[in-house]
**Student:** 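First the structure, then my questions, so here it is.
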Amino acid sequence: MALNLLSPTEIKTLSFLDSSKSNSNLNLLKFQGICCIYIYICVCVCVCVCTSGFAFKRKEIGCTASKRVHCSAQTPPPAWPGRAVIEPGRKIWDGPKPISVVGSTGSIGTQTLDIVAENPDKFRIVALAAGSNITLLADQIKTFKPKLVSIRDESLLGELKEALADVEDKPEIIPGEQGMVEVARHPDAVTVVTGIVGCAGLKPTVAAIEAGKDIALANKETLIAGGPFVLPLAHKHNVKILPADSEHSAIFQCIQGLPEGALRRVILTASGGSFRDWPVEKLKDVKVADALKHPNWNMGKKITVDSATLFNKGLEVIEAHYLFGAEYDDIEIVIHPQSIIHSMIETQDSSVLAQLGWPDMRLPILYTLSWPDRVYCSEITWPRLDLCKLGSLTFKAPDNVKYPSMDLAYAAGRAGGTMTGVLSAANEKAVELFIDEKISYLDIFKVVELTCNKHRAELVTSPSLEEIIHYDLWARDYAASVQPSAGLSPALV
């Protein structure tokens, strides 16, 4: 992948050319009279790359052998090859299915536990892992009575024990990273919900896979960064990776029962974020407060900014490729402001199947826990969709000028290997710098682009877990180092 930039002295007013996702050979991003960025994205085509002799070295992690880029030959097997079919003899649970939750005090974890509390005849909790929220974790332990608990911050172990002093059947407590691993591979668990954020979720997820546990996947890094390592491992252990985020759950639901080879196209819907109605010329004036005003929801700062830049959707494109085996040319993004259609697929005969519902993360989480069954939900806590009340649904194509993140994500996906994890980590760091007002909004794209461009020389196409974690940390450090050195002047000017 080439993400070459003109030097600052060479940047001139340029026109925007060829912004299609599948032919992004040369994209010139123009902000009229304000700023411009020259993004040159070299699409990873097997014949070109594999015969060009590009060598990418591994460094600083004990690897001396260099690797050459391979495309289709290096693509890991997808979690679901365009269809979801129940394997003969697969156990269907009659009683409560035993569940472990990694990240129990976060958004995914608490919603998972809400589902378990409402369906005690369907699910039970055997192990919980949390970060540092002692009060909430103690309440969860008292309510769900797990056998094993982990607190990531080891310094809080004494405080947790004190909070559980009046609990009769105390769980075993294992602090730190090892505790998360033990929760993930608890012998009684059948499914593990991975709700922890970032590469910290990789090791417990790998441990769960090696122990034969199915994965209810809410940790994006598992596939975006770890896909080349995690997917072969999941196939080796015959483990199912079930997507818990709404877009990929929608696709997963739509491919149920498809015959082999029926999937033609994946269509990811996006809200469009805070700036979907802004003219591109105004983006140079964006403040943090502007980016955090999502038109649909009140979310955390990081995901709200990702929605504004559309990096969240670019990362979902990569995840969809790893989950369903769709080629990047067959994955599209559509702006859907109402956020009622959570995503769609197109079949070979041009039929389009969609999954609709009110935005509620509990539904995709529930389906990962209950698949292949459907669990009845009461209308009191799970409002049913009323299309007549809704009125209308609208769609429009995303603007590549407003959202250069799309081209960066497709290019990183085509490069594969460690590049996708570097893209995600660089974006996470860039968003952090933006929220802290150390860089401008437009600098987010520049920081990510420069980090990916720098990583080309060390791209590892079939990385180990250690290499994935190494380059995640490297990308964060490098992204921090390329922030503008003086004030908040945009790097794109």
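Every value quoted in this text rests on a predicted model; they were computed, and no experiment measured them.
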**Student:** Salt bridge (charged side-chain N to carboxylate O under 4.0 Å, His left out) with Lys293: which residues, sequence neighbours excluded?
**Tutor:**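 Checked Lys293 against salt bridge (charged side-chain N to carboxylate O under 4.0 Å, His left out); zero matches.
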**Student:** Test your reading of the model: is there a side-chain donor-acceptor pair from Lys213 to the backbone of Ala189, 3.5 Å cut-off?
**Tutor:**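 Yes; at least one donor-acceptor contact below 3.5 Å.
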**Student:** Report the C-alpha separation of Glu316 and Lys313 in whole Å, then their side-chain angles, then the decisive distance to 0.1 Å, and conclude whether the salt bridge (charged side-chain N to carboxylate O under 4.0 Å, His left out) test is met.
**Tutor:** CA-CA 5 Å; Glu316 287 173 12; Lys313 212 54 53 175; 2.8 Å; yes
**Student:** Nearest 0.5 Å, what's the CD-CD1 distance between Glu247 and Ile341?
**Tutor:**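 The CD1 atom of Ile341 is 12.5 Å from CD of Glu247, to the nearest 0.5 Å.
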**Student:** Near Lys142 NZ, under 6.0 Å, is it more than 12 heavy atoms from other residues, nucleotides or ligands?
**Tutor:**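 For Lys142, atom NZ is crowded (more than 12 foreign heavy atoms under 6.0 Å).
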**Student:** Does any N or O in the side chain of Thr112 come within less than 3.5 Å of the main-chain N or O of Ile108, such that one atom is a donor and the other an acceptor?
**Tutor:**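 Here the side-chain-to-backbone pair exists.
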**Student:** Would you find a donor on one side and an acceptor on the other, under 3.5 Å apart, between the side chain of Thr420 and the backbone of Ala412?
**Tutor:**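 Checked: no pair found.
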**Student:** Please output the side-chain donor-acceptor pairs of residues 199-209 that fall under 3.5 Å, not counting sequence neighbours, one pair per line with the distance.
**Tutor:**
residue: Thr205; atom: OG1; partner: Gly201; partner atom: O; Å: 2.6

**Student:** Compare all side-chain heavy atoms of Leu423 with those of Ile318 and state whether any distance is below 4.5 angstrom.
**Tutor:**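 Sidechains of Ile318 and Leu423: in contact.
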**Student:** So Gln111 and Ser107, side chain to side chain donor-acceptor pair (under 3.5 Å) or not? Walk me through it.
**Tutor:** CA-CA 6 Å; Gln111 291 179 87; Ser107 174; 3.0 Å; yes
**Student:** Any chance you could measure Ile444, atom CD1, to Phe311, atom CZ, to the nearest 0.5 Å?
**Tutor:**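 That separation rounds to 8.0 Å.
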**Student:** Check this for me: Lys302, atom NZ, are more than 12 non-hydrogen atoms of other residues, nucleotides or ligands nearer than 6.0 Å?
**Tutor:**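 Yes - once you tally the heavy atoms of other residues, nucleotides and ligands closer than 6.0 Å, there are more than 12.
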**Student:** In sequence, state the C-alpha distance, the side-chain angles, and the governing distance for Thr418 and His455, and then conclude on side chain to side chain donor-acceptor pair (under 3.5 Å).
**Tutor:** CA-CA 9 Å; Thr418 49; His455 182 57; 2.7 Å; yes
**Student:** Donor-acceptor pair, Lys161 side chain versus Ile173 backbone, under 3.5 Å?
**Tutor:**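 A pair under 3.5 Å: no.
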**Student:** Got more than 12 heavy atoms from elsewhere within 6.0 Å of CD, Glu118?
**Tutor:**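 Result for CD/Glu118: enclosed.
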